[in-house]
Amino acid sequence: MPDPSFAQRVIAWQRSYGRHDLPWQGTRDPYAIWVSEIMLQQTQVTTVIPYYQRFMARFPDIVSLAGAQEDAVLALWSGLGYYARARNLHAAAQAVVATHGGRFPQTFDAILALPGIGRSTAAAIAVFAFGQRRAILDGNVKRILARCFGVSGWPGLPAVEKQLWSLAESLLPDSGIEAYTQGLMDLGATICTRNRPACEACPLQPICHADRHRLTISLPTPRPDKTLPQKHTMLLLLWHGSEILLEKRPVHGIWGGLWSLPEAERGVDARQFVRRRFGLETELLPALPRFSHTFTHFRLHILPQPLRVSAKATLPPGCGALWLERAEALGAALPAPVRKLLATHDEGVSRSQTPALPGSRT
DNA sequence: AAGTCGGGGTA
DNA sequence: TACCCAGACTT
């Protein structure tokens with residue numbers, strides 16, 4: 001019997017040791033598979049599962065999603081991050097209803113044309129929903145290929161990524177594409193992990209270049225390190241009784257489309273800012289502990305500043321701001337740090353003896 | 001080719 | 001603390 005190929009090793013391993021009970025498995029419903037693939041972009045399985053369950057319960061099919069308010073979609077995405085994914089998902093659902101009669105497209109190019117779906121995600125949907133022979137290249141596959149075939153260089157570099165795509169395409173099996181694709185994901189998530197990979201349990205160990213040359217921990221080549229820029233801001237908690245003022249953020253930029261707290265530059269007079277911006281008279285309350293929030297490309301140092309609104313003036317219509325009861329606000333599409341702030345504090349008073357602020361170390 | 005876009009898991 | 005994760009999109 002000839003030495004099993006790369007693909008045959010992955011397929012055989014997947015059937016015995018792979019994951020078969022994830023919430024989005026055991027279906028060929030392209031909608032269910034699509035939603036899972038979008039949520040799983042840059043997000044780990046264990047984080048996605050509860051979000052996925054809630055989302056599918058609320059929007060069980062593409063028509064219900066297409067007919068939803070964007071705010072309702074974003075609210076279910078709150079805390080998951082990369083909110084453009086949710087806006088694109090919503091827009092794509094409406095596009096499918098408008099141009100495909102509500103039926104998810106079945107050709108690779110039509111899938112790829114939908115907003116939020118790139119080459120790898122389109123391939124994953126084509127494989128799992130329609131059994132098409134397509135190559136994926138996510139973080140798991142990049143790591144497996146870089147190690148097994150000794151591809152050095154940071155995979156974010158276009159030249160390296162091109163090489164990995166070429167490898168991925170060349171390794172596809174003639175049959176069993178679903179088990180193969182799922183097997184790569186499962187191998188990367190459970191065996192060929194970034195640190196402490198379980199090489200002794202890997203079906204690829206006999207043919208793995210990195211294992212033979214003791215390169216496993218150094219492949220794939222890590223991203224070149226760069227120091228994150230530091231930014232500072234002040235988030236205003238404007239309390240009127242148990243109501244708080246929320247402001248809708250612009251669609252583009254950080255926390256796009258979410259409901260956040262009014263934001264002022266560090267060091268400005270908060271009362272004056274609020275008077276000019278909203279026409280409100282306020283009383284300054286003691287500042288809350290500052291904390292920091294790290295994004296992909298910068299670190300934000302946040303000073304939470306509560307103020308008590310003495311008289312609730314009428315907000316200009318269409319100004320993008322509104323008053324919400326604290327409980328209502330917690331049901332809105334909030335950025336994670338704002339959610340944590342509102343969950344921990346009300347009217348400027350800590351709800352707990354020891355204020356457990358998000359990353360309260362500065 | 002480089003920058004933008006979150007949040008959490010993990011060591 | 002620092003890195004990575006079922007990446008896509010814009011410039």
Side-chain angles (χ1 to χ4, degrees), chain A residues 18-19 22-25 33-52 74 77-89 91-92 111-125 127-128 135-144 154-162 164-165 168 181-190 192-197 217 220-229 249-258 260 292-300 333-340 358-359 361-362:
Chain A
R19 300 174 293 188
L22 296 172
W24 43 86
Q25 292 182 307
I33 293 165
W34 172 38
V35 171
S36 74
E37 291 300 331
I38 299 302
M39 285 192 173
L40 286 162
Q41 289 172 357
Q42 299 295 292
T43 312
Q44 294 185 350
V45 166
T46 54
T47 303
V48 162
I49 287 176
Y51 285 88
Y52 179 80
L74 284 171
W77 213 272
S78 173
L80 203 49
Y82 285 116
Y83 300 98
R85 294 185 295 174
R87 294 196 309 273
N88 284 332
L89 189 70
I111 298 171
L112 183 60
L114 293 172
I117 300 182
R119 182 174 174 181
S120 187
T121 298
I125 296 171
V127 167
F128 293 131
I136 63 164
L137 188 64
D138 58 26
N140 289 318
V141 180
K142 287 176 181 173
R143 189 168 54 253
I144 292 168
W154 178 49
L157 290 174
V160 178
E161 188 175 14
K162 183 179 176 183
L164 292 171
W165 268 116
T181 305
Q182 187 65 49
L184 285 178
M185 294 172 169
D186 293 350
L187 260 184
T190 65
C192 193
T193 52
R194 188 172 69 91
N195 8 41
R196 304 186 39 157
I217 58 169
T221 307
R223 162 197 299 268
D225 58 339
K226 52 183 183 297
T227 58
L228 290 181
R249 296 187 62 90
V251 169
H252 299 288
I254 210 76
W255 298 333
L258 271 61
S260 187
S292 62
H293 186 77
T294 306
F295 296 85
T296 309
H297 47 299
F298 65 90
R299 172 167 304 193
L300 186 63
L334 307 175
V338 174
R339 178 172 300 285
K340 288 176 185 170
R361 298 183 304 271
T362 58

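Order of the sequence lines fixes the chain letters, A, B, ..., with proteins taken first and strands second; residue numbering starts at 1 for each chain.
Note: A/Tyr52 and A/Trp24 have perpendicular aromatic rings, judged against thresholds of 30 and 60 degrees for the angle between ring planes.
Considering only side-chain atoms of A/Thr121, the nucleotide from C/dG7, B/dG8, B/dT4 that sits closest is C/dG7. Nearest nucleotide to the side chain of A/Arg143, out of B/dA2, B/dG6, C/dC4: C/dC4. Nearest nucleotide to the side chain of A/Gln41, out of C/dA8, B/dG6, C/dA6: C/dA8.
Per the geometry, CG belonging to A/Leu112 stands 9 Å off P belonging to C/dA8, to the nearest Å. Separating the CD1 atom of A/Ile136 from the C1' atom of C/dA6 is a distance of 7 Å, rounded to the nearest angstrom. As rounded to whole Å, 8 Å separates atom C1' of C/dC9 from atom CG of A/Asn88. Spacing between atom CZ of A/Phe298 and atom P of B/dG7 amounts to 10 Å, rounded to whole angstrom units. As a whole-Å value, the separation of A/Arg223 CZ from C/dA2 P is 14 Å. As a whole-Å value, the separation of A/Gln25 CD from C/dA6 P is 14 Å. Remark: P of B/dT10 and CZ of A/Arg196 are 13 Å apart, rounded to the nearest angstrom. Summarising the geometry, the separation between CG on A/Leu114 and C1' on C/dA8 is reported as 13 Å, rounded to the nearest angstrom.
Residue contacts shown for A/Leu22 include a base, since a base heavy atom lies under 4.0 Å away. At the heavy-atom level, A/Ile117 lies under 4.0 Å from the strands shown only through sugar-phosphate atoms. Heavy atoms of A/Trp24 sit under 4.0 angstrom from at least one base atom. Here A/Ile254 lies in heavy-atom contact (under 4.0 Å) with sugar-phosphate atoms only. Residue-level contact check: A/His293 touches the backbone only, with heavy atoms under 4.0 Å from sugar-phosphate atoms and none from bases. Among the atoms of the strands shown, none is found under 4.0 Å from any heavy atom of A/Gly188. Residue-level contact check: A/Ser120 touches the backbone only, with heavy atoms under 4.0 Å from sugar-phosphate atoms and none from bases.
To the nearest 0.5 Å, atoms CD1 (A/Ile117) and CD (A/Glu37) are separated by 9.5 Å. A/Phe298 CZ to A/Thr227 OG1: the interatomic distance, rounded to the nearest 0.5 Å, is 14.5 Å.
Remark on DNA chain C: of its neighbouring residues A/Tyr82 and A/Pro224, the 5'-side contact belongs to A/Pro224, judged by nearest-heavy-atom nucleotide. Heavy-atom distances to DNA chain B give each of A/Leu157 and A/Tyr83 a nearest nucleotide, and the one nearer the 5′ end belongs to A/Leu157. Mapping A/Asn195 and A/Arg85 onto DNA chain B by nearest heavy atom places A/Arg85 closer to the 5' end of the strand.
Comparing the C1' positions of C/dA6 and B/dG3 gives an interatomic distance of 23 Å, to the nearest angstrom. Comparing the P positions of B/dG6 and C/dT10 gives an interatomic distance of 15 Å, to the nearest angstrom.
No donor-acceptor contact under 3.5 Å links the side chain of A/Arg194 to the base of B/dA11.
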